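Nothing here was measured: the structure is a model prediction, and the numbers come from that model.
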Amino acid sequence: MRVIDHFIDGEYTSSLSGRQFEKRSPVDNSLVARISEGGQPEVEAAVAAARRALTGEWGRLTLDQRVDLLYGVANEITRRFDDFVAAEMADTGQPQHVMKHAFIPRGAANFKVFADVIRNVANESFQTPTPDGRGALNYTLRVPKGVIGVVCPWNAPFLLMTWKVGPALACGNTVVVKPSEETPLTAALLGEVMNAVGVPRGVYNVVNGFGPDSAGAFLTAHPGVDAITFTGETRTGEVIMQAAAKGMRDVSFELGGKNAAIVFADADFDAAVDGVFRSCFLNSGQVCLGTERVYVERPLFERFVQALKVRAESVKYGRPEDHATTYGPLISHEHRRKVLGYYQRAVEEGATVVTGGGVPDMPADLADGAWVQPTIWTGLPETAAVVREEIFGPCCHIRPFDSEAEVTALANDNEYGLSTTIWTQDLARAHRMAAAIQVGITWVNAWFLRDLRTAFGGSKQSGIGREGGVHSLEFYTELRNVCVKL
Ligand code: NAD
């Protein structure tokens, strides 16, 4: 049986305790691998390796040498594209087209984009007047923050992990990554890439394990970690923020969402149906930026609900490697229990189930997978749990609206504020609403269209801070002022 070890100081190592946990396939519940389970000793070793690397060969590289190495990492990921696609499919069970066209290419891009950003960024300088007339020169040094703890979720594991590791390394930091216990494979594979291209040992470390009382909690509490970047649930973020308070460590958080899609009657109908379909059901709804609340202007409501129903009922369930497959399982049976709990709650709260609502009939070889049907509800009040709470599944509630003011208020009436999509031909209205809706990202007539140079993050309880482009540098570096009297 395949065993996935930690990657510490450039070497794959098992746990001192010998403890392992199982990674099972979401597709059919078969055993994918046994994973070494890290505890305090493995976190200690990884943090120590990362601290040594800061002042070792890595710390002495010139900016150009560091940038070249990161380009090397990106190129090696591309050379081993099929290995990464296979690993990510085994972990998540999601169709290969999602891996090939989005998740793995973005992983490689995350190294190139931030290498370019750091190479091209300018630092400020000021000529400061002084009473003697000779003046002073003030300038800024941008220095790495140190050892970055990177705690990752399972929904787009490689994309989201490299989105942190890429800028962290570009800025000269070292990292200790704690992948999700559900998806450890691509983080492990990236260790091979680092060694192949000659990234010095200790720069990239991975410790596997769980959250509370395990690798996640030990890493975020470790005083040798200078800053923590976390992607995951808002409630987990609260716990990590408390851990980070000890020692005044900085945090960057990308958290949950309950995102609204808003469709006006003047929208390009087919584009809106297609875009909302993708934003609700891509990756089986397990996308932080995905839609779980849909608001449709009343004249279009019935037609839109029927069109989305047809699309939801047309998904092709299947194994990820099968080219015909368009729709995969949820990540685990545990997550399926949560999602099915919401499916039941919707009915109890009086929803009309337009489609789905349960577990599909699957052929015998897939019957043990974590499958659920894409699900659409109508008829619920805004107070219903499935309209307010993040489900993180392939489901949405659709409600009609009558005015721009009404739908803006509905979109804002939630504790989360990650993203929204607006479908309309009236661009003046789109600009007005983009300014009024309290989220980190607004898409107009698009969804999931990302330029990595732009600011990314959530408002309200969807996050703290912004990453992307130069905004990542604000988290992964510190600015040091130097004042020279002339
Ligand atoms: P999660 O919070 O359960 O787990 C995320 C990671 O935190 C895992 O590695 C887990 O082991 C670790 N963890 C859990 N408890 C911990 C603790 N006490 N201390 C330290 N580490 C701990 O989230 P998940 O279920 O893996 O991911 C789904 C969530 O992530 C959803 O809420 C989704 O919206 C969010 N998400 C947000 C973004 C974004 O960009 N805003 C992107 C992707 C996912």
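By the 4.0 Å N-to-carboxylate-O rule, R319 lies close enough to D365 to be salt-bridged with it. Note on E181 versus K178: salt bridge recorded, some NZ/NE/NH1/NH2 to OD/OE distance being below 4.0 Å. We find that E348 and R345 are not joined by a salt bridge, their nearest charged nitrogen and carboxylate oxygen being 4.0 Å or further apart. Salt-bridge check for E233 with R235: failed, with every basic side-chain N at 4.0 Å or more from each acidic carboxylate O.
Looking at N414, its side chain does come within 3.5 Å of a backbone N or O of R388 through a donor-acceptor pair. Formation of a donor-acceptor pair under 3.5 Å by the D9 side chain with backbone atoms of A45 is not found in this model. Judged by distance alone, the side chain of Q461 and the main-chain N or O of Y416 form no donor-acceptor pair under 3.5 Å.
Counted within 6.0 Å of CZ on R450, heavy atoms from surrounding residues, nucleotides or ligands total more than 12; the atom is thus considered enclosed. Within a 6.0 Å sphere centred on CG of D361, other residues, nucleotides and ligands contribute 12 heavy atoms or fewer. Residue M362 places its CE atom among more than 12 non-hydrogen atoms of other residues, nucleotides or ligands, all under 6.0 Å distant. The neighbour count for K316 NZ, taken as heavy atoms of other residues, nucleotides or ligands under 6.0 Å away, does not exceed 12.
Of all heavy-atom pairs between P105 and M99, the closest is CD-O, 3.3 Å.
Side chains of C171 and I118 form a contact here, defined as non-hydrogen atoms less than 4.5 Å apart. L289 has its side chain within reach of L418: a pair of non-hydrogen atoms, C-beta onward, lies under 4.5 Å apart.
A salt bridge (Lys or Arg N to Asp or Glu O under 4.0 Å) with K258 is found for exactly one of E415, E389, E390, E292, namely E292. With respect to D226, the salt bridge (Lys or Arg N to Asp or Glu O under 4.0 Å) criterion is satisfied by exactly one of R51, K145, R249: R51.
Between H335 and F392, the ring-plane angle classifies as perpendicular under the 30° and 60° cut-offs. Note on ring orientation: taking the six-membered ring where Trp is involved, the planes of F448 and W443 are perpendicular (angle over 60°, cut-offs 30° and 60°). Taking the six-membered ring where the residue is Trp, Y317 and Y327 present perpendicular rings, their angle passing 60° and hence far from 30°.
The cationic atom of R303 (NZ for Lys, CZ for Arg) lies less than 6.0 Å from the six-membered ring centre of F269 and within 45° of the ring axis. A cation-pi contact, defined as under 6.0 Å to the ring centre and within 45° of the axis, is absent between K100 and F81.
Going from atom CD1 of I240 over to atom CG of L255 covers 9.0 Å, rounded to the nearest 0.5 Å. Taken from CD1 in I35 to NZ in K23, the straight-line distance is 8.0 Å, to the nearest 0.5 Å.
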Q) Can you list the steps and then say if K164 with V175 is a side chain to side chain contact (heavy atoms under 4.5 Å, CB included)? A) CA-CA 9 Å; K164 310 300 188 152; V175 296; over 6 Å; no
Q: Go through W377 and Y343 one step at a time and tell me if the ring-ring contact (aromatic ring centres under 6.0 Å, His included) criterion holds.
A: CA-CA 9 Å; W377 304 290; Y343 281 16; 5.7 Å; yes
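Taking the six-membered ring for Trp and the full ring otherwise, Y295 and W423 have centroids separated by 6.0 Å or more.
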